[in-house]
Amino acid sequence: MRGRTFGVVVIGMVLAGVLFTRLGANQYYYFAAYVILQYVVLATAWNILGGYTGYVNFGTAAFFALGAYTSVVLIKGFAAPLPVLLAAGAAVAGLLGLGIGYLTLRLRGVFFSIATLALAVVLQTMVINWDYVGGARGISVVRPGRLPFFGSYVEFLFAVMLLLAIFAIAVAWWIETSRIGRGLAAIRDNEEAAECMGVPTLRLKLIATTVSGSLMGVAGAPFPYYVTFVEPSSAFNLDYAVNSLAMPMIGGTTTWVGPVIGAILLGTTQQVATVTISSALNLLIVGIILVAFVILAPDGILGLVQRLKGGARA
Amino acid sequence: MVSLDLLANAVVAGILLGGFYAAVSLGVSIAFGLLDVVNIAHPVFVILGSYAVYVTNTAFGLDPIVAGIVFTPVFYGIGVVVYRIYYVSFEKKGQESLRGLVFFFGVLFIVEVGLTLKYGVDYRLVEAQYIGESLRFGPVGIALRLLVPCVVAVLLTLVLYLYLAKTFVGRAIKAVSQDSLALRLMGADPVKVKDVAFGIAIATASLAGALLIMIGPVEPSMNREYIGRVFAVAVLGGMGSIGGTFLAAVIIGVAESLTSTFFGPSWAVAVSFGVLLLALAVRPAGLFGS
Amino acid sequence: MTADGFLEVENVTKRFGGFQALSSVSLHVRQGERFGLIGPNGSGKTTLINCISGTLRNDAGRIVFEGHDLTAVPAHRRTRLGIARSFQIPKPFASMTVRDNLTIPLEYAARAHGVDATEQARAILRLMGLEAKAHAAAATLTQIEMRKLELGRAMAAKPKLLVADEAMAGLSSAEVDDILDILFQLNARGITIIMIEHIMRAVMRFCERIAVLDAGEKIAEGGPEAILANAAVERAYLGQ
């Protein structure tokens with residue numbers, strides 16, 4: 001059942017993506033779709049730690065920016081190609097994830113969350129003071145030349161992000177349906193009881209933080225080519241942290257579908273609102289929707305749907 | 001001996017700054033340390049306080065500190081309402097840890113973006129006669145815009161300390177998270193006690209906001225750098241100890257001031273977060289906690 | 001030490017800050033035994049079993065289980081070696097169904113998978129009398145059902161030693177008998193049981209041997225009659 005839904009979503013995404021490129025849409029749509037897909041990756045990544053394991057990460061921006069700045073270094077220093085950037089972004093952010101995984105040894109609940117927020121600020125300060133990557137002023141990045149099959153480089157980036165989104169969802173799906181996912185759920189419900197029931201809690205948490213971190217990093221890796229000018233305030237933007245936790249919260253945190261629904265809904269709303277209203281107002285909307293959902297529909301849209309179904313059956 | 005003068009000035013400025021940090025952190029110490037409510041939106045309420053003071057100062061020329069005091073009842077009311085929502089939606093259901101945290105994150109975002117929409121991202125500041133002045137003691141200069149906030153913060157700390165130690169409600173607040181039995185014996189309703197306590201915590205944000213905008217210009221997203229600072233202070237201060245909070249704030253203030261003087265201001269923000277990370281990793285009970 | 005080397009607790013000491021929770025406590029529990037651990041509140045019973053199950057690390061002394069020194073062994077590996085426990089305050093996996101609560105230890109500790117795990121879960125639920133609740137959310141259970149789930153989940157880990165921490169607190173007399181009945185059945189299957197309990201009637205009926213803790217020290221050990229007759233035990237309970 002779950003497997004079929006997963007298959008349908010993946011095929012649907014690929015078809016929609018191909019159709020999108022064949023339609024020869026306006027460049028703006030590629031930009032917008034890229035952002036939404038990037039949020040699919042970030043929300044899915046956040047949910048592996050936050051939704052499955054119950055550790056709230058406020059530092060999404062740190063992992064994302066780490067991926068982006070790893071790319072900046074590799075582009076500037078070695079003119080590395082995109083596949084290398086993706087692999088390196090995933091690896092470096094995954095290492096940071098492993099690091100915060102060890103923090104969970106001592107820090108539970110809110111202390112962990114505050115530590116991740118602190119981590120983001122420390123990392124941002126380091127980047128601001130690092131001249132090689134442009135410091136506070138930022139650095140511009142030149143996109144590689146034209147590619148075969150693609151009308152423009154942005155079109156290519158869109159395709160890359162589509163693949164990354166599918167990859168992220170596949171990872172989340174795999175974790176969720178495997179023994180690891182059940183172990184993570186046990187940790188979320190009661191860590192002490194999980195450990196006493198034979199669940200290797202530390203190892204599973206390290207897996208969750210590493211996978212979550214490296215997916216966030218890989219989402220940030222193509223960012224320099226997307227914006228062509230990277231500055232700390234955009235790469236470390238708090239919007240990433242808010243959105244990546246708001247989207248799963250709105251969609252539903254217990255399955256891989258939730259973050260995808262949340263990212264597509266909230267991401268699209270924001271893209272439309274940015275054009276039609278203003279970018280500040282659209283952030284206000286995100287904040288209000290987040291608070292409304294967390295108070296009124298704590299299990300997200302999926303929870304609402306289940307409640308409606310249950311009500312119909314009863 | 002230039003560097004010694006520099007050092008003396010940095011330490012004095014750090015102590016004054018630290019006093020002010022105490023004013024910003026007291027609300028978190030009460031909410032987080034005594035009530036177990038992780039209000040990461042506290043700094044944004046401080047910013048809200050700054051804007052309330054800014055508006056009355058520019059419109060009516062009201063003294064910033066007077067304005068900050070005038071607004072405390074309003075902020076107290078906001079605090080009670082926010083706590084009520086939090087209590088009914090999360091604490092009562094035992095979901096405070098994850099969803100309650102996300103709730104405050106959302107509140108932070110709404111207030112910040114709301115302020116940005118109304119006032120933009122420009123820096124705002126206030127006028128008062130004493131703000132530009134400065135005293136000199138030999139090589140050490142003391143700017144009044146730092147000294148006045150520090151003095152007010154010391155007074156605020158003292159008032160809160162006495163309130164919690166000497167009054168019936170104050171003692172009930174101290175007992176509310178540790179010892180619900182004692183509370184029941186005192187005949188106090190824990191939820192009402194928490195109402196009052198959280199109201200007071202947010203009320204301090206109004207005054208702290210007045211101090212913040214005296215020290216320097218303010219813009220909405222500034223609250224973020226204070227999140228690490230106030231939690232560093234609250235954790236380091238031993239969670240809920242008023243005296244500990246003040247000491248920890250001064251330590252952070254001096255550390256930041258020294259960093260800023262000798263390594264440059266852009267590193268200063270990282271100090272408190274670094275201290276916080278260290279404190280969390282090594283000694284979660286805080287320097288002055290048991 | 002003349003025991004058969006099943007569970008050896010040797011001079012275990014635990015401090016919390018300045019508070020001495022356990023001072024050099026030694027116990028030896030034989031295979032297949034029904035062992036009782038009693039003592040006033042705060043005497044260190046729960047601290048001791050936390051040290052045995054691995055959720056706390058003892059500061060000094062050592063615990064040996066079937067020849068394995070457990071000092072450096074994390075809690076989840078101790079469970080796999082055969083030490084399972086229930087919690088005094090039930091700690092169910094609240095977001096899961098009753099059956100999925102059992103799936104966790106079945107998969108992680110007993111290494112049972114797929115159909116095998118489903119079968120074993122069903123057998124345990126039958127033993128506990130929770131069959132009808134298999135697909136209910138764990139959070140919706142009553143007090144007695146929660147206690148049974150707590151024991152059933154520990155059972156799903158396929159333990160050789162089951163530590164039942166106040167498994168009967170807050171239950172009615174009939175319900176206490178119900179749980180005792182289950183524990184006797186488990187013991188008959190060869191599982192060693194350490195019972196921590198305040199309900200004296202249950203302890204006296206169930207245990208073959210009892211150790212008494214007071215203020216972190218073992219003050220007595222012996223059969224139920226000997227313990228009842230022990231003056232030191234009476235003092236500890238009646239407070240002089």
Side-chain angles (χ1 to χ4, degrees), chain A residues 1-3 47 50-55 101-102 104-106 108-109 175-208 248-249 252-256 258 298-300 302-303 306-307 309-310 313-314, chain C residues 46 49-50 52-56 73-97 99-114 117 137-139 146 149-159 161-165:
Chain A
M1 196 49 202
R2 273 284 154 69
N47 201 45
Y52 297 172
T53 323
Y55 278 82
Y102 279 103
T104 66
L105 268 180
R106 297 195 62 111
R108 302 265 163 93
I175 288 180
E176 189 184 314
T177 50
S178 72
R179 197 166 71 113
I180 295 178
R182 291 187 285 279
L184 294 178
I187 293 174
R188 177 190 61 209
D189 282 356
N190 193 307
E191 196 164 332
E192 190 186 357
E195 175 77 22
C196 285
M197 290 305 131
V199 178
T201 52
L202 177 62
R203 199 190 322 149
L204 289 193
K205 286 188 296 182
L206 291 179
I207 292 174
M249 283 280 168
T253 53
T254 49
T255 68
W256 61 271
D299 295 318
L302 286 179
Q306 258 159 15
R307 224 190 294 168
K309 269 196 203 161
R313 220 179 289 139
Chain C
T46 296
I49 64 160
N50 280 341
I52 294 173
S53 69
T55 49
L56 285 177
V73 178
H76 69 271
R77 299 241 346 265
R78 299 187 192 195
T79 310
R80 291 172 186 182
L81 286 174
I83 303 176
R85 67 173 292 185
S86 68
F87 291 96
Q88 184 180 349
I89 298 159
K91 295 181 175 178
F93 301 129
S95 75
M96 302 180 197
T97 64
R99 204 191 66 194
D100 288 346
N101 265 267
L102 303 188
T103 308
I104 297 292
L106 279 170
E107 278 192 327
Y108 274 97
R111 305 290 189 182
H113 301 287
M146 205 81 100
L149 174 60
E150 196 66 29
L151 281 178
R153 195 176 56 175
M155 283 309 301
K158 286 275 152 64
L161 169 65
L162 172 67
V163 184
D165 190 1

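Just so you know, these numbers use all the heavy atoms, side chains as well, and skip hydrogens, waters and symmetry mates. Chain letters run A, B, ... following the sequence lines, proteins first, then strands; residues in each count from 1.
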Legend entry - Contacting moiety of A:Leu204, where chain C heavy atoms sit under 4.5 Å: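 For A:Leu204, side-chain heavy atoms alone lie under 4.5 Å from chain C.
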Considering non-hydrogen atoms only, spot the tightest contact between [X] and [Y] and give its length.
{"X": "C:Met96", "Y": "A:Ala186", "answer": "CE-N, 3.4 Å"}
{"X": "C:Tyr108", "Y": "A:Gly198", "answer": "CB-O, 3.6 Å"}
{"X": "A:Arg179", "Y": "C:Glu107", "answer": "NH1-O, 3.1 Å"}

Legend entry - Within residues 87-95 of chain C, residues adjacent to chain A where the heavy-atom gap is under 4.5 Å: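 The list, in residue order, reads C:Phe87, C:Lys91, C:Pro92, C:Phe93, C:Ala94, C:Ser95.
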Legend entry - Partner chain A: residue of C:Arg153, C:Glu150, C:Arg78 with the largest heavy-atom pair count (under 4.5 Å):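 It is C:Arg153.
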Inset, instruction - Measure C:Arg80 against the heavy atoms of chain A and call it side chain, backbone, both or neither at under 4.5 Å. - result: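 Contact with chain A is through the side chain of C:Arg80 alone.
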Inset, instruction - Check whether more than 12 heavy atoms from other residues, nucleotides or ligands sit under 6.0 Å from atom CZ of C:Arg77, and answer yes or no. - result: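 Not more than 12 within 6.0 Å, no.
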Inset, instruction - Would you check, one step at a time, whether the test side-chain contact (heavy atoms from CB on, under 4.5 Å) holds for A:Met197 with C:Thr79? - result: CA-CA 6 Å; A:Met197 290 305 131; C:Thr79 310; 5.6 Å; no
Legend entry - Backbone N/O of C:Thr103 and side chain of A:Arg182: donor-acceptor pair under 3.5 Å: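 Side chain of A:Arg182 to backbone of C:Thr103: no pair is present.
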Inset, instruction - Output the distance between atom SG (A:Cys196) and atom CD1 (C:Ile104), rounded to the nearest 0.5 Å. - result: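 If we round to the nearest 0.5 Å, A:Cys196:SG and C:Ile104:CD1 are 13.5 Å apart.
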